Number of protein chains: 2
Amino acid sequence: MLERIPPRSGTAFRLDQGQVLEVTDLEGCQVADLIAFAADDVREALSNGRTFDYEETLKLTTGNTLWSNRSNPMLTLVHDDVGCHDFLLTPCSEATFRHFYPEHPVHRGCFGNLAEALAPYGVEPDRIGTAFNLFMNVPFDGASGRIRVEPPPSRAGDCLRLEARMDLVIGLTACSAYASNGGSFKPIGWRILS
Amino acid sequence: MLERIPPRSGTAFRLDQGQVLEVTDLEGCQVADLIAFAADDVREALSNGRTFDYEETLKLTTGNTLWSNRSNPMLTLVHDDVGCHDFLLTPCSEATFRHFYPEHPVHRGCFGNLAEALAPYGVEPDRIGTAFNLFMNVPFDGASGRIRVEPPPSRAGDCLRLEARMDLVIGLTACSAYASNGGSFKPIGWRILS
């Protein structure tokens with residue numbers, strides 16, 4: 001059954017080893033922040049640094065694996081309609097809203113949404129690090145290092161499927177920031193394929 | 001007084017707000033992994049994702065600031081002889097030695113050295129995330145996303161100076177991995193300029 005994350009909100013759930021999580025951009029041009037923790041010890045968490053090191057790339061797609069801070073495989077990307085995701089940036093938060101959107105009302109952002117959703121699993125906010133941001137379009141320049149945040153290229157119905165390599169707690173959002181989704185807030189769909 | 005970190009080892013120390021840490025590549029072509037925690041609550045830690053977001057670049061040099069997971073400035077780069085540092089990769093560890101250097105003896109790496117040095121400050125190993133790797137040369141390709149690890153361009157006596165923006169606990173190493181320093185292990189120098 002397809003679950004729906006309303007615009008500017010988030011959720012958390014268990015994903016057991018071998019299960020496949022399918023995340024769908026229901027309307028197109030929307031970002032979903034994903035973080036993952038080992039279900040039996042949430043101090044083991046998704047790590048962009050370990051992932052970049054082992055995968056030898058900053059651009060992750062089908063066949064790549066997301067690694068934990070303890071050097072264990074957490075999730076392998078098994079199907080990717082979009083081929084554009086970000087693993088450089090942290091979830092938007094009250095502080096990033098104040099910094100980047102001083103003209104807009106402050107929102108707790110993906111960070112606040114993840115913190116609330118993950119609290120019942122024993123994940124403290126300080127352990128919510130750099131997220132794997134599905135469909136997020138962050139071009140970087142190899143010479144200058146400059147990064148930009150552009151609208152996602154995903155179209156309605158595009159999905160990414162990730163297979164769990166260990167028992168996990170997943171946090172997942174429909175992103176709340178203006179720049180990451182081209183200025184419109186939309187829902188995100190997800191379901192577990194066993 | 002100049003302190004010396006012997007090859008393949010690490011240290012930890014307090015750095016108070018306003019003090020400047022000078023890190024010197026004593027012999028040239030060596031990497032130093034640096035991590036930082038808020039002295040009054042080590043759950044607040046250096047964050048590459050927050051830093052990339054606020055600084056809008058992956059390449060950090062004089063004038064750039066390193067940010068915490070709570071969106072506070074931790075360190076500002078105030079002098080840089082080299083202009084080549086990495087903030088994408090995690091410290092080398094037993095697991096990365098097994099992965100990248102199966103023909104060499106396993107070493108606990110910068111991760112093990114940092115874990116031991118930071119334990120007296122109450123920093124658990126799982127909180128040692130992506131480090132700011134001084135002088136480390138990790139070119140990335142904007143089109144493919146591929147990264148490589150090349151020898152550092154730093155010459156003997158080159159230094160980086162970082163000003164503390166809050167009271168900090170610093171972890172610092174002379175890197176233990178073959179690829180990051182061109183295959184030779186050398187010391188790192190540091191001192192605090194008040």
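Residue numbering restarts at 1 for every chain, and letters A, B, ... go by the order of the sequence lines. For clarity, every value in this text was computed on a predicted model and none was experimentally measured.
Around CZ of A:Arg4, the count of heavy atoms belonging to other residues, nucleotides or ligands within 6.0 Å exceeds 12.
Listed for the B:Asn48 side chain is a donor-acceptor partner under 3.5 Å among the backbone atoms of B:Phe87. When atom types are taken as modelled, the side chain of B:Arg165 and the backbone of B:Met74 share no donor-acceptor pair closer than 3.5 angstrom. A donor-acceptor pair under 3.5 Å links the side-chain atoms of B:Asn113 to the main chain of B:Gly109, judged by distance alone.
For chain A, the nearby part of B:Asn69 is the side chain; its heavy atoms alone come within less than 4.5 Å. With a 4.5 angstrom heavy-atom cutoff, B:Tyr54 touches chain A via backbone and side-chain atoms both. Using a 4.5 Å cut-off between heavy atoms, B:Thr96 contacts chain A through both its backbone and its side chain.
B:Ala174 and B:Pro6 get closest at one heavy-atom pair: CB-O, 3.5 Å. Of all heavy-atom pairs spanning B:Ile147 and A:Thr57, the tightest one is CG1-N, 3.9 Å. Considering all non-hydrogen atoms of both residues, B:Ser180 and B:Cys175 come closest at OG-SG, 3.1 Å.
Listed by sequence position, B:Glu124, B:Asp126, B:Arg127, B:Thr130 are the residues of residues 120-132 of chain B in contact with chain A, using a 4.5 angstrom heavy-atom cutoff. Residues of residues 12-36 of chain A having a heavy atom under 4.5 Å from any heavy atom of chain B: none.
For the pairing with A:His107, the ring pair (Phe, Tyr, Trp, His ring centres under 6.0 Å) check across A:Tyr178, A:Tyr101, A:Phe97 returns one residue only, A:Phe97.
Residues B:Thr61 and B:Asp80 bring a donor and an acceptor atom of their side chains to less than 3.5 Å of each other. Judged purely by distance below 3.5 Å, without hydrogens or angles, the side chains of A:His85 and A:Asn137 never pair a donor atom with an acceptor atom.
Listed options A:Arg50, A:His99, A:Arg148, A:Arg146 were ranked by heavy-atom pairs under 4.5 angstrom with chain B; first place goes to A:Arg50. Each of B:Leu88, B:Val138, B:Val149 has some count of heavy-atom pairs under 4.5 Å with chain A, and the biggest count is that of B:Leu88. Interface check for chain A: of the options B:Pro91, B:Pro139, B:Ser144, B:Gly142, the most heavy-atom pairs under 4.5 Å are formed by B:Gly142. Most heavy-atom pairs under 4.5 Å with chain A, from the set B:Gly145, B:Cys92, B:Ala95, B:Ala143: that is B:Gly145. When the candidates A:Ser93, A:Ala45, A:Ser47, A:Ser68 are compared by the number of heavy-atom contacts under 4.5 Å with chain B, A:Ser93 comes out ahead. Contact count versus chain A (heavy atoms, under 4.5 Å) is highest, among B:Arg70, B:Glu56, B:Glu44, B:Glu94, for B:Glu56.
Residues A:Thr173 and A:Ser9 fail the side-chain proximity criterion, which asks for heavy atoms closer than 4.5 Å. Contact of the B:Leu162 side chain with the B:Thr76 side chain is not registered, since no non-hydrogen atoms from C-beta on lie closer than 4.5 Å. With a 4.5 Å cut-off on side-chain heavy atoms, B:Glu55 and B:Leu60 count as touching. Between B:Leu46 and B:Trp67 there is no side-chain heavy-atom pair separated by less than 4.5 Å.
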